[in-house]
Engineer: 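What follows is a structure written as structure tokens; I'll ask about it next.
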Amino acid sequence: MSDRTDDREDAMSVMGRRAFLKTGATAAAGAAAAALSSPLLAAAPGKPEVTAAKLGFIALTDAAPLIIARELGLFAKYGMPDVTVAKQASWAGTRDNLVLGAGGGGIDGAHILSPMPYMLTLGTIGKATPMSILARLNVNGQAISVEKEYLGARADINSARMKPLIAQRKAAGRKITMAMTFPGGTHDLWIRYWLAAQGINPDVDVELITIPPPQMVANMRANTMEAFCVGEPWNDQLVAQKLGYTAVSTGQLWMNHPEKAFAMRSDWVAAHPNAAIALTAAVIEAQRWCDAPANNARLAEIIGGRDWLKVPVADIQDRLLGNFNMGDGRVFKNAPFKMKFWASNASFPYKSHDLWFLTEDQRWGKLPAKLNTKAVIAKVNRADIWRKAAALAKVPAAQIPKADSRGVERFFDGKVFDPANPAAYLASLKIKKA
């Protein structure tokens with residue numbers, strides 16, 4: 001519940017939630033009983049080896065599938081009633097707790113930036129910790145926001161409009177600071193792509209700093225940076241507080257781009273293969289629920305609650321619906337670049353998307369140029385588990401991708417990424433790490 005909600009409404013919500021969970025538990029028990037007599041049981045995975053797992057999340061709208069799976073009893077439905085979903089302070093904190101593992105006081109898996117399981121597996125951001133991506137959590141839904149001083153420049157998808165003001169500030173001896181959430185992560189790559197596509201070198205012309213997602217708005221208020229890239233609801237909240245505006249939503253840069261992943265430590269998956277399928281099935285069912293328009297208001301209310309994002313429902317709901325007030329006069333209704341949890345195959349972990357992330361991190365020197373991308377993707381990406389989980393969750397066959405590649409991808413600046421030839425894509429990019 002948001003801080004705008006009074007105690008009476010909060011109490012009613014709690015009572016309603018308890019009633020729902022009680023009903024849900026009864027329904028889940030009935031479903032489980034029915035499953036025991038089903039002729040399809042022989043084709044289903046075995047009983048989960050454990051009933052518990054500890055998962056992490058960052059306060060972002062795209063953590064919704066994990067939150068909803070917990071709140072609506074979906075983990076319990078698939079035989080894992082003791083799953084916990086614990087808030088992490090930052091992506092660095094998520095990394096550190098994954099390295100520790102639940103046995104060491106950390107976590108078993110997480111809502112995570114899609115490149116991070118690779119960087120953890122390779123040991124480029126700390127102690128090497130093999131990870132497994134079990135699902136993608138969403139497509140679209142991030143944004144690049146800028147301070148109010150850029151209103152005059154009308155900076156939007158065309159970052160080149162910022163060049164005169166950047167040059168003026170640099171001539172006066174002022175640093176141009178922009179923020180993302182983790183080096184080599186998705187937000188780092190989106191802001192770099194946006195800048196570089198219009199001739200602004202993110203390693204030379206500006207200084208990129210790391211700020212945890214929930215702290216972005218406060219740092220903009222404190223004049224820590226001129227721009228930032230982060231997931232919702234923090235871009236919408238910046239507009240609501242009249243501290244800046246949204247220059248571009250990332251789906252405008254690359255329509256239906258992959259974003260967060262659901263990943264587990266690989267040793268946990270190896271020790272509990274049936275539990276990994278069960279967790280993924282619960283997440284898939286949650287994603288389908290999250291994407292149903294009829295659930296939008298309830299989704300925003302749940303994830304905005306004090307235990308989760310702790311923000312006003314309005315800061316979440318509008319952009320989930322695709323209604324974007326960018327804060328500079330531009331308004332989009334039912335925008336196609338809105339966040340999706342299930343539509344457009346949002347949940348399936350395409351290996352071609354992982355290859356793009358690895359290629360971009362090579363572009364900026366975050367990963368070795370000679371990395372054997374095919375081998376590491378085969379190790380980290382567990383689309384096979386997703387497919388088994390989708391069958392368990394009774395996903396219609398027509399909604400299950402037949403291939404592990406989504407094929408050729410096209411970007412707002414005309415660039416093309418063919419997963420069959422990532423070297424050609426990399427060669428086409430004028431600005432990259434020297």
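This chain uses plain numbering: 1 for the first residue, then up along the sequence.
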Engineer: Side chain to side chain contact (heavy atoms under 4.5 Å, CB included) between Met178 and Met225: does it pass, once the steps are laid out?
Structural biologist: CA-CA 5 Å; Met178 299 185 181; Met225 67 275 201; 5.6 Å; no
Engineer: Answer with yes or no whether the side chains of Asn140 and Glu259 bring together a donor and an acceptor at under 3.5 Å.
Structural biologist: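 The criterion, which ignores hydrogens and geometry beyond distance, is not satisfied for Asn140 and Glu259.
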Engineer: Is it the case that Gln287 and Lys340 place a side-chain donor and acceptor less than 3.5 Å from each other?
Structural biologist: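 Checked: Gln287/Lys340 side chains show no N/O donor-acceptor pair below 3.5 Å.
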Engineer: Looking at Glu360 and Lys366, does any basic side-chain N land under 4.0 Å from a carboxylate oxygen?
Structural biologist: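 Looking at Lys366 together with Glu360, the answer is no, because their closest N to O distance does not fall below 4.0 Å.
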Engineer: For Asp354 and Arg136, run side chain to side chain contact (heavy atoms under 4.5 Å, CB included): C-alpha distance rounded to whole Å, both residues' side-chain angles, the deciding distance at 0.1 Å, then the answer.
Structural biologist: CA-CA 10 Å; Asp354 287 354; Arg136 201 79 62 199; 2.9 Å; yes
Engineer: What is the distance from atom CZ of Arg288 to atom SG of Cys290, rounded to the nearest 0.5 Å?
Structural biologist: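 It comes to 12.5 Å.
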Engineer: Who are the salt bridge (Lys or Arg N to Asp or Glu O under 4.0 Å) partners of Asp188, not counting sequence neighbours?
Structural biologist: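 For Asp188, the residues satisfying salt bridge (Lys or Arg N to Asp or Glu O under 4.0 Å) (neighbours in sequence not counted) are Arg192.
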Engineer: So Gln237 and Pro312, do their side chains get closer than 4.5 Å, heavy atoms only?
Structural biologist: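 Yes, their side chains come closer than 4.5 Å.
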Engineer: So, is the end of the Arg95 side chain (NZ or CZ) under 6.0 Å from the ring centre of Phe182 and within 45° of the ring's axis?
Structural biologist: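 Because its charged atom misses either the 6.0 Å distance or the 45° angle limit, Arg95 does not stack over Phe182.
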Engineer: Kindly give the heavy-atom pair with the smallest separation between Ile284 and Ala393, and that separation in Å.
Structural biologist: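 Minimum heavy-atom separation between Ile284 and Ala393: CG2-CB, 4.2 Å.
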Engineer: So for atom CZ, which belongs to Arg410, do other residues, nucleotides or ligands contribute more than 12 heavy atoms lying within a distance under 6.0 Å?
Structural biologist: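 Counting other residues, nucleotides and ligands, CZ of Arg410 stays at 12 neighbours or fewer.
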Engineer: Of all the heavy-atom pairs spanning Arg319 and Ala143, show the shortest one and how long it is.
Structural biologist: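 Minimum heavy-atom separation between Arg319 and Ala143: NH1-CB, 4.4 Å.
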Engineer: Identify the heavy atoms of Trp364 and Leu189 that sit nearest to each other, and give their distance.
Structural biologist: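 Scanning both residues, the minimum pair turns out to be CD1-CD2, 4.0 Å.
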Engineer: For the residue pair Val239 and Met326, what are the closest heavy atoms and their distance?
Structural biologist: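 Heavy atoms of Val239 and Met326 come nearest at CG2-O, 3.6 Å.
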Engineer: For Gly93, does its backbone N or O pair with a side-chain atom of Ser90 as donor and acceptor, under 3.5 Å?
Structural biologist: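 The answer is yes, because a donor-acceptor pair under 3.5 Å joins these two groups.
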Engineer: Do Leu134 and Leu279 have side-chain heavy atoms sitting under 4.5 Å apart?
Structural biologist: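 Counting from C-beta outward, Leu134 and Leu279 never come under 4.5 Å.
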Engineer: If I take atom OG1 from residue Thr280 and atom CZ from residue Arg382, how far apart are they, to the nearest 0.5 angstrom?
Structural biologist: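 The OG1 atom of Thr280 sits 9.5 Å away from the CZ atom of Arg382.
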Engineer: So which atom in Ala343 and which in Asp291 form the shortest heavy-atom distance, rounded to 0.1 Å?
Structural biologist: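 Smallest heavy-atom distance, with atoms named: N-OD2, 2.7 Å.
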Engineer: Checking side chain to side chain contact (heavy atoms under 4.5 Å, CB included) against Arg221, which of Met216, Gln241, Glu147 comes through?
Structural biologist: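 The side chain to side chain contact (heavy atoms under 4.5 Å, CB included) with Arg221 is passed solely by Gln241 among Met216, Gln241, Glu147.
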Engineer: Any chance you could measure Leu74, atom CG, to Ile68, atom CD1, to the nearest 0.5 Å?
Structural biologist: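 The distance works out to 8.5 Å.
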Engineer: List the steps, then state whether ring pair (Phe, Tyr, Trp, His ring centres under 6.0 Å) holds for His257 with Trp190.
Structural biologist: CA-CA 10 Å; His257 69 76; Trp190 306 139; 4.3 Å; yes
Engineer: Taking Thr181 for the side chain and Val230 for the main chain, is one N or O donor matched with an acceptor at less than 3.5 Å?
Structural biologist: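 Answer holds: no.
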Engineer: Which residue in the set Trp194, Phe417, Phe412, Phe411 passes ring-ring contact (aromatic ring centres under 6.0 Å, His included) when paired with Trp254?
Structural biologist: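 Checked Trp194, Phe417, Phe412, Phe411 against Trp254; only one passes ring-ring contact (aromatic ring centres under 6.0 Å, His included): Phe411.
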Engineer: Show the numbers, then the answer: is there a side chain to side chain contact (heavy atoms under 4.5 Å, CB included) between Trp342 and Trp289?
Structural biologist: CA-CA 9 Å; Trp342 182 254; Trp289 187 93; over 6 Å; no
Engineer: So, Asp82 side chain and Ala53 main chain: donor-acceptor pair closer than 3.5 Å or not?
Structural biologist: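 Not at all, since once roles are kept as given, no pair shorter than 3.5 Å links the two residues.
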Engineer: For Ile144 and Ile191, which heavy atoms make the closest approach, and how far apart are they?
Structural biologist: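 That closest heavy-atom pairing would be CD1-CA, 3.9 Å.
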Engineer: Within this structure, what is the NE2-CG distance for the pair His353 and Asn256, rounded to the nearest 0.5 Å?
Structural biologist: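 So the gap between those two atoms works out to 9.0 Å.
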Engineer: For Asp318, check side-chain hydrogen bond (donor to acceptor under 3.5 Å, both in side chains) against everything at least two apart and list the hits.
Structural biologist: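 Here no residue qualifies.
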Engineer: Is the ring centre of Trp308 less than 6.0 Å from the ring centre of Phe57?
Structural biologist: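 They qualify: ring centres under 6.0 Å apart.
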Engineer: Do Glu49 and Pro273 touch side chain to side chain, with heavy atoms closer than 4.5 Å?
Structural biologist: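 Of all side-chain heavy-atom pairs linking Pro273 with Glu49, at least one is under 4.5 Å.
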Engineer: Evaluate whether atom NZ of Lys87 has more than 12 neighbouring non-hydrogen atoms of other residues, nucleotides or ligands under 6.0 angstrom away.
Structural biologist: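 It does: Lys87 NZ has more than 12 such atoms within range.
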Engineer: Could you please spell out the steps behind the side chain to side chain contact (heavy atoms under 4.5 Å, CB included) verdict for Val376 and Leu358?
Structural biologist: CA-CA 10 Å; Val376 72; Leu358 295 178; 3.7 Å; yes
Engineer: Taking the basic N atoms (NZ, or NE/NH1/NH2) and the acidic carboxylate oxygens, is any pair closer than 4.0 Å for Asp108 and Arg265?
Structural biologist: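 A salt bridge is absent here (no side-chain N lies under 4.0 Å from a carboxylate O).
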Engineer: For atom NZ of Lys127, decide whether the heavy atoms of other residues, nucleotides or ligands shown that lie under 6.0 angstrom number more than 12.
Structural biologist: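 12 or below, so no.
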Engineer: How long is the gap from CD1 on Ile303 to CG on Asp307, to the nearest 0.5 Å?
Structural biologist: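 Ile303 atom CD1 to Asp307 atom CG measures 13.0 Å (nearest 0.5 Å).
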Engineer: Quick one: do Trp386 and Phe348 satisfy ring pair (Phe, Tyr, Trp, His ring centres under 6.0 Å)? Show the steps, please.
Structural biologist: CA-CA 7 Å; Trp386 188 96; Phe348 186 71; 5.1 Å; yes
Engineer: Assess the residue pair Arg387 and Asp404 against the criterion (salt bridge (charged side-chain N to carboxylate O under 4.0 Å, His left out)); give the C-alpha distance rounded to whole Å, side-chain angles, the decisive distance to 0.1 Å, and a yes or no.
Structural biologist: CA-CA 11 Å; Arg387 294 180 188 281; Asp404 286 344; 2.9 Å; yes
Engineer: Nearest 0.5 Å, please: how far is CG in Leu113 from OG1 in Thr186?
Structural biologist: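 Thr186 atom OG1 to Leu113 atom CG measures 4.5 Å (nearest 0.5 Å).
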Engineer: List the steps, then state whether ring pair (Phe, Tyr, Trp, His ring centres under 6.0 Å) holds for Trp91 with His111.
Structural biologist: CA-CA 10 Å; Trp91 293 119; His111 151 251; 5.4 Å; yes
Engineer: Would you sort out whether Phe324 and Phe337 count as a ring pair (Phe, Tyr, Trp, His ring centres under 6.0 Å), showing the intermediate values?
Structural biologist: CA-CA 10 Å; Phe324 288 72; Phe337 52 80; 4.9 Å; yes
